[in-house]
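What follows is a short report on a single structure.
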Amino acid sequence: VAAWNSMLAAYATNGHLDIALRVFYSMPQRTAVSWTILLSACAHTGNLKDAKIFFDGMPDKNLIIWTTMIAAYSQNGHLGDATALFDSMPVRNILSWTSMLTAYAQAGQLDSARKMFQDIPHHDVVSCTAMLGIYAQTGRLEKAKGIFDSMPERDIVTYNAMLTAYGQAGDVAMATHTFRTMPQHDLVSWSTVISLLTQTGDLEHAKRMYEMMPLQDLISQTILLSCYSQHGNLKDAKKVFDQMPAQNLVSWNNMLSAYTQRGYMRDAKSLFDWMPQKNLLSWNIMLNSKLQNSRLEEGVSMFLTMPERDLVSWNSLLTAFTQTGDFQMVKKTFAEMPDKNLISWTTMLSALSRNNLLHDAKAMFDRMPEQN
RNA sequence: ACAAGGUGACUCACA
């Protein structure tokens with residue numbers, strides 16, 4: 001059975017969930033481990049429904065499968081379900097607690113996360129690093145450092161989280177100092193610092209470190225690509241992009257932005273058409289570039305045929321109509337929008353006032369919901 | 001020989 005499970009795990013972690021499922025059903029017998037592997041794989045691919053089915057279908061649930069299900073809820077943003085499950089657990093261990101901790105953090109409930117952290121009976125390096133990471137991402141350097149200093153043991157992930165804490169707080173000097181003095185480096189350590197350097201504008205330093213990396217993986221390459229793309233450096237962006245041994249949706253979107261930002265509509269379009277996968281961001285990048293590059297007709301028809309639209313797509317369209325001065329369409333679009341945010345309202349307000357329709361602007365202002 | 005928790009990349013729309 002263990003051999004079968006190894007095979008299951010191999011397929012499941014390599015993204016072949018379909019094959020894993022076939023293996024699962026054709027196995028001579030299944031253990032708790034088999035169920036857990038599949039449940040975890042479903043959760044990581046965002047397939048919470050099947051994860052739940054596996055969980056419910058499992059005959060004798062052990063602590064691990066309970067915890068895996070909490071992690072599944074946590075990873076997919078279902079805080080309520082995670083809490084309910086956690087509260088009804090017969091036994092908990094440090095992994096259950098930590099999964100719950102990150103569930104709160106993921107939902108933006110920092111106070112609950114902090115409370116949960118304090119309630120954990122016995123901490124380990126992972127639970128402490130989890131809390132450190134939460135503080136790091138929310139820019140609370142002092143808190144992060146406090147945990148770091150109080151930890152009896154630290155591993156490379158702890159140090160990496162601390163790099164992020166310094167980075168988020170804009171302390172490049174301490175980040176690089178920590179990088180130099182930490183016990184070991186892995187790909188995450190390198191790319192965290194490189195990313196920080198590109199964000200603070202020290203491109204030369206970033207490039208030097210990129211060259212020094214023992215191995216340039218997809219993410220570090222993408223960091224560099226993204227940096228070139230954001231600076232409108234199409235040539236170097238293309239160079240990095242073409243040299244990447246493997247690419248993914250993130251790298252394609254980055255290259256797409258690089259093209260559209262410089263108005264290379266033909267290249268953008270052929271990349272876009274070629275992309276094996278697209279997400280809403282890809283569509284919005286392309287949509288916005290059409291709308292902003294005198295291709296209103298194409299843009300509008302893209303808007304109408306997109307697989308999905310969000311508030312950004314709507315605001316993009318709204319802005320385009322305000323720029324052509326077609327107030328018929330502006331009003332129509334604004335009325336049809338399923339949601340509006342502050343950006344939608346300010347788009348309207350500035351369009352009306354730019355065209356000296358001050359009474360309309362005033363009326364619009366009075367219609368704005370309070371929270372804006 | 002097998003399973004669960006913590007760290008790095010794109011996030012585009014108004015101003």
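The sequence lines fix the lettering, A, B, ..., with proteins before strands; numbering per chain opens at 1.
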query: Under 4.0 angstrom, heavy atoms only, what part of the nucleic acid is Asn93(A) near: base, sugar-phosphate, or nothing?
result: base
task: Assign Gln230(A) to base, sugar-phosphate, or nothing according to its heavy-atom contacts below 4.0 angstrom with the strands shown.
output: sugar-phosphate
task: Determine the contact category for Asp186(A): base if any of its heavy atoms lies under 4.0 Å from a base atom, sugar-phosphate if only primed atoms, P, OP1 or OP2 are that close, otherwise nothing.
output: nothing
- prompt: Under 4.0 angstrom, heavy atoms only, what part of the nucleic acid is Leu187(A) near: base, sugar-phosphate, or nothing?
  reply: base
- prompt: Is the shortest distance from a Lys or Arg side-chain nitrogen in Asp56(A) or Lys52(A) to a carboxylate oxygen in the other one below 4.0 Å?
  reply: yes
task: Quick one: label Thr222(A) by what it contacts on the DNA or RNA (base, sugar-phosphate, nothing), any heavy atom closer than 4.0 Å.
output: base
- request: Go through the steps for Met364(A) and Phe334(A) under the test side-chain contact (heavy atoms from CB on, under 4.5 Å), then give the verdict.
  value: CA-CA 11 Å; Met364(A) 182 73 46; Phe334(A) 191 72; 3.8 Å; yes
- request: For Gln221(A), report the nucleic acid contact type (base, sugar-phosphate, nothing); a contact means any heavy atom under 4.0 Å.
  value: nothing
field: Beyond-backbone contact of Leu163(A) with Met182(A), side-chain heavy atoms, under 4.5 angstrom
entry: yes
message: Under 4.0 Å, heavy atoms only, any strand: does Leu38(A) hit a base, just the sugar-phosphate, or nothing?
response: nothing
message: In terms of relative ring orientation, are Phe179(A) and His185(A) parallel, tilted or perpendicular, with 30° and 60° separating the classes?
response: parallel
- prompt: How would you label the contact of Asn284(A) with the nucleic acid (heavy atoms, under 4.0 Å): base, sugar-phosphate, or nothing?
  reply: base
field: Boundaries of the chain A footprint along RNA chain B (any atom under 4.0 Å from a heavy atom)
entry: A1(B) to C14(B)
message: Donor-acceptor pair, distance only, cut-off 3.5 Å: does the side chain of Thr164(A) make one with the backbone of Ala136(A)?
response: no
- request: Give one of base, sugar-phosphate or nothing for Val193(A), where a contact means two heavy atoms less than 4.0 Å apart.
  value: nothing
- prompt: What is the nucleic acid contact for Thr192(A), judged by heavy atoms within less than 4.0 Å: base, sugar-phosphate only, or nothing?
  reply: sugar-phosphate
task: Looking at every strand, decide which applies to Leu281(A) at a 4.0 Å heavy-atom threshold: base, sugar-phosphate, or nothing.
output: base
query: Using the ring of each side chain (for Trp, its six-membered ring), is Phe55(A) parallel, tilted or perpendicular to Trp66(A), with breaks at 30° and 60°?
result: perpendicular
message: Please classify the nucleic acid contact of Ser99(A) as base, sugar-phosphate, or nothing, using heavy-atom distances under 4.0 Å.
response: sugar-phosphate
query: Checking all strands, does Thr158(A) fall into the base, sugar-phosphate, or nothing category for heavy-atom contacts under 4.0 angstrom?
result: base
query: Under 4.0 angstrom, heavy atoms only, what part of the nucleic acid is Ser316(A) near: base, sugar-phosphate, or nothing?
result: sugar-phosphate
- prompt: For Gln168(A) and Thr138(A), what are the C-alpha separation, side-chain angles and deciding distance, and is it a side-chain contact (heavy atoms from CB on, under 4.5 Å)?
  reply: CA-CA 8 Å; Gln168(A) 284 294 322; Thr138(A) 51; over 6 Å; no
